[in-house]
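Have a look at the structure below before the remarks.
Order of the sequence lines sets the chain letters (A, B, ...), proteins ahead of strands, with each chain counted from 1.
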2 protein chains.
Amino acid sequence: MSSQPSETKAARVTSFDVAERAGVNQSTVSRALAGSPQVTPATRERVLAVARELGYTVDQRASGLRTGRTDTVAVVILQGPEDKAPSGNPFYFELLGSICEAASARGLETLVSLQSEEGRLSGDYVKRGQADGTIVIGSARHSSAWTYFQQLQRSTGNLAFWGSPFDDARWVRSDNHGGGRIATSHLLDRGYRKIAFVGPLGTGPGQFAERFSGYRDALAERGAQPIEASSYPDGDRKSQGYHAARDMIERDGSIDAFFAASDRLAFGVLDYLKEIGRDVPEDVGIVGFDGMSAGTISSPPLTTVAPDLAKAAEALLRMAIDGEASVTQRVKVRLIERASVRPT
Amino acid sequence: MSSQPSETKAARVTSFDVAERAGVNQSTVSRALAGSPQVTPATRERVLAVARELGYTVDQRASGLRTGRTDTVAVVILQGPEDKAPSGNPFYFELLGSICEAASARGLETLVSLQSEEGRLSGDYVKRGQADGTIVIGSARHSSAWTYFQQLQRSTGNLAFWGSPFDDARWVRSDNHGGGRIATSHLLDRGYRKIAFVGPLGTGPGQFAERFSGYRDALAERGAQPIEASSYPDGDRKSQGYHAARDMIERDGSIDAFFAASDRLAFGVLDYLKEIGRDVPEDVGIVGFDGMSAGTISSPPLTTVAPDLAKAAEALLRMAIDGEASVTQRVKVRLIERASVRPT
DNA sequence: CTGAAAGCGCTTACAG
DNA sequence: CTGAAAGCGCTTACAG
């Protein structure tokens, strides 16, 4: 009953097993595997060989308990009710991808949590010993969630935000103002004259408002006036874009370009324009924002302003994990020219 | 130097702190927080109140070390060189979203790892005490990665695969054969007659091959012949779709429909058709596979076969975490009618 | 129903 | 350079 070979559930192999088999003390095993310089090359070799043979790997729970670290970063992605779960906002997943890569490059694992405001919000991964820092991704829409996380940031530290609407907290953002300028100037340079802005500003400060101000400033320099939709329906971004475009075109048929504050809004604009038979980019030009790869699929492919996601991910990590001093950081944006703006 | 109030780094509060303050033994704190029935309601209340007051949460490293569990599932997403990192295959992220939701519903956290074949493959999250099970997501393309993970599955258990090309392992797949049938029959029902298949089969068994066989069988029932591309270039799915469509149309201009084994392939087909001025769906019909939400953005929006991702996620979790006995499982697919097939 | 104690598997001073 | 030992913060038999 005790020596049946494969009946017994394979017991966890520990550093003690390795030690015994290698004829050294357990602490030496620990040092050897940690690559400590104070263990002789010969000893290290022997230990590593045995570890390999036994299939030993250090238990992160135990080592983390001892060191106080976890070597993982938690990423919470906020989902509004308007985002049909679970895919939510695809842009967030692109950012998530960049964070996973940047984390991995630093030797960190990534814990992902999708959270909605109606569900239970939770950001105390550090306190629970599950992460060394937490990144929260959302937009100004998730207002009640943000107040929770802002609160948490005050008491906790080790948080970094993307898309948070308030200024007195650690965040990384796109150069939204610059992006708004670039998009608008590009449209102006290509000969469009009446450029409308698409994006609800009602939620107050936030990325859209910053993009709007870049748009407005670029327009002002050339003596042009901003054009805004009178209102936005609830719902997903795409239908908001659709309705905003319709609202504005119906009031002023001479509008010949749109700067949409997000790619998903732009897809809605595209839909409306198709519906009324306006040719993009000949009759009407469009520039979106986010650099979403889905923009290559639309027809025409969407010209867009893309933030440097790799840089954003690194900055977020520095703030969340290293507790970097700088409280806020902007990442550069660049224009990705596809085909929703006519060539020169 | 010792009693400066806020200079000292907030020490971790432990169950001992709560115990002291609540006037009970530490073990009672542990029981109270675990919701053990053997602690008096009055005691539990008192303990919970103190815990709340002190902001105490149990350290998962410590409790996991004791219990042997981690209450987290690891998800590794395979990325080929052809997927421009980091966003990779958007379909995987949709599946990932479903897994996060299903995991969360079961009280599990989700650890995500993006891995490429050139990089270091790693799936021993269970052994390292970082997860209770591991889900691997990929496609037949990632052949060398799969041999690694298959190996691992033999020695380890607690793995579940999506997209693995071999049969002797735990996996969850779409009802690919059924999906191929549905797509093809749908096209036939809508009056298309020469239906071509888009999707490289060179890699041997795998999801595409299964979809092809469903397509072939549906055709055979109506006395029609399969049509295949002569070859596929390396590169991303979209350009493969583009080239395959061109290849087949150039050889036979009377082809009037395509069943693409993935949505991304279908987007490439759409591109080519647009380029040569064929109207979709009037002249040519297209059905994709995957149910990607990006398919709502194309023009026309893509009709597609969608697997039940929620079910897939649950099955994957059962296999990875519970070690469910059933080795393989198919999830249902359904046709999402958008606009790339003409109405009746 | 509650307490005292052992032990999960590590890392890291402390000696030598 | 290596060993012996303490301790990270829990859970859970074992007593009472």
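At whole-Å resolution of the value, CZ in A:Arg69 and P in C:dT11 are 9 Å apart. Here D:dT2 presents its P atom at 11 Å from CG of A:Asn25, a figure rounded to the nearest Å. Protein atom CZ of A:Arg61 is 14 Å distant from nucleotide atom C1' of C:dG7, rounded to whole Å. Distance, B:Leu65 CG to D:dG7 P: 17 Å, rounded to whole Å. Rounded to an integer number of Å, the gap from CZ of A:Arg66 to C1' of D:dG9 is 12 Å. Put simply, CD on B:Gln38 is 12 Å from C1' on D:dT11, counting in whole angstrom units. In this structure, B:Gln26 atom CD and C:dA4 atom P are separated by 11 Å, rounded to whole Å. Following rounding to the nearest Å, B:Gln60 (CD) and D:dC8 (P) show an atom-to-atom distance of 19 Å.
For D:dT2, the OP1/OP2 oxygens have a side-chain nitrogen or oxygen of A:Thr43 closer than 4.0 Å. Phosphate contact (OP1/OP2 of C:dC10, side-chain N/O of A:Ser15, threshold under 4.0 Å): present.
The residue among A:Phe16 and B:Thr28 whose nearest nucleotide of DNA chain C is located toward the 5' end is B:Thr28. Comparing A:Gly23 and B:Val29 along DNA chain D, the residue whose closest nucleotide (by nearest heavy atom) sits nearer the 5' end is A:Gly23. Annotation: of the two residues near DNA chain D, A:Pro37 and B:Tyr56, the 5′-most nearest-nucleotide partner is A:Pro37.
Heavy-atom minimum distance, B:Phe93 versus A:Phe93: CD2-CD2, 3.2 Å.
A donor and an acceptor atom, one from each side chain of B:Ser113 and B:Tyr125, are located under 3.5 Å apart. For the residue pair B:Ser116/B:Gln79, the side-chain donor-acceptor check at 3.5 Å is not satisfied.
The partner of D:dA13, taking Watson-Crick or G-U wobble pairs whose two distances both stay under 3.5 Å, does not exist in any strand shown.
Between B:Tyr92 and B:Trp162, the gap from one ring centroid to the other reaches at least 6.0 Å.
At a cut-off of 3.5 angstrom, the base of D:dG3 holds at least one donor-acceptor pair with the side chain of A:Arg31.
Looking at the side chain of B:Ser63, the nearest of the listed nucleotides D:dG3, D:dT11, C:dT11 is D:dT11. Listed nucleotides: C:dG9, D:dC10, C:dA4. Nearest to the side chain of B:Asp59: D:dC10.
Nucleic acid contact for A:Thr67: sugar-phosphate only, since backbone atoms but no base atoms lie under 4.0 Å from a heavy atom of the residue.
More than 12 heavy atoms of other residues, nucleotides or ligands shown are found within 6.0 angstrom of CD on B:Glu53.
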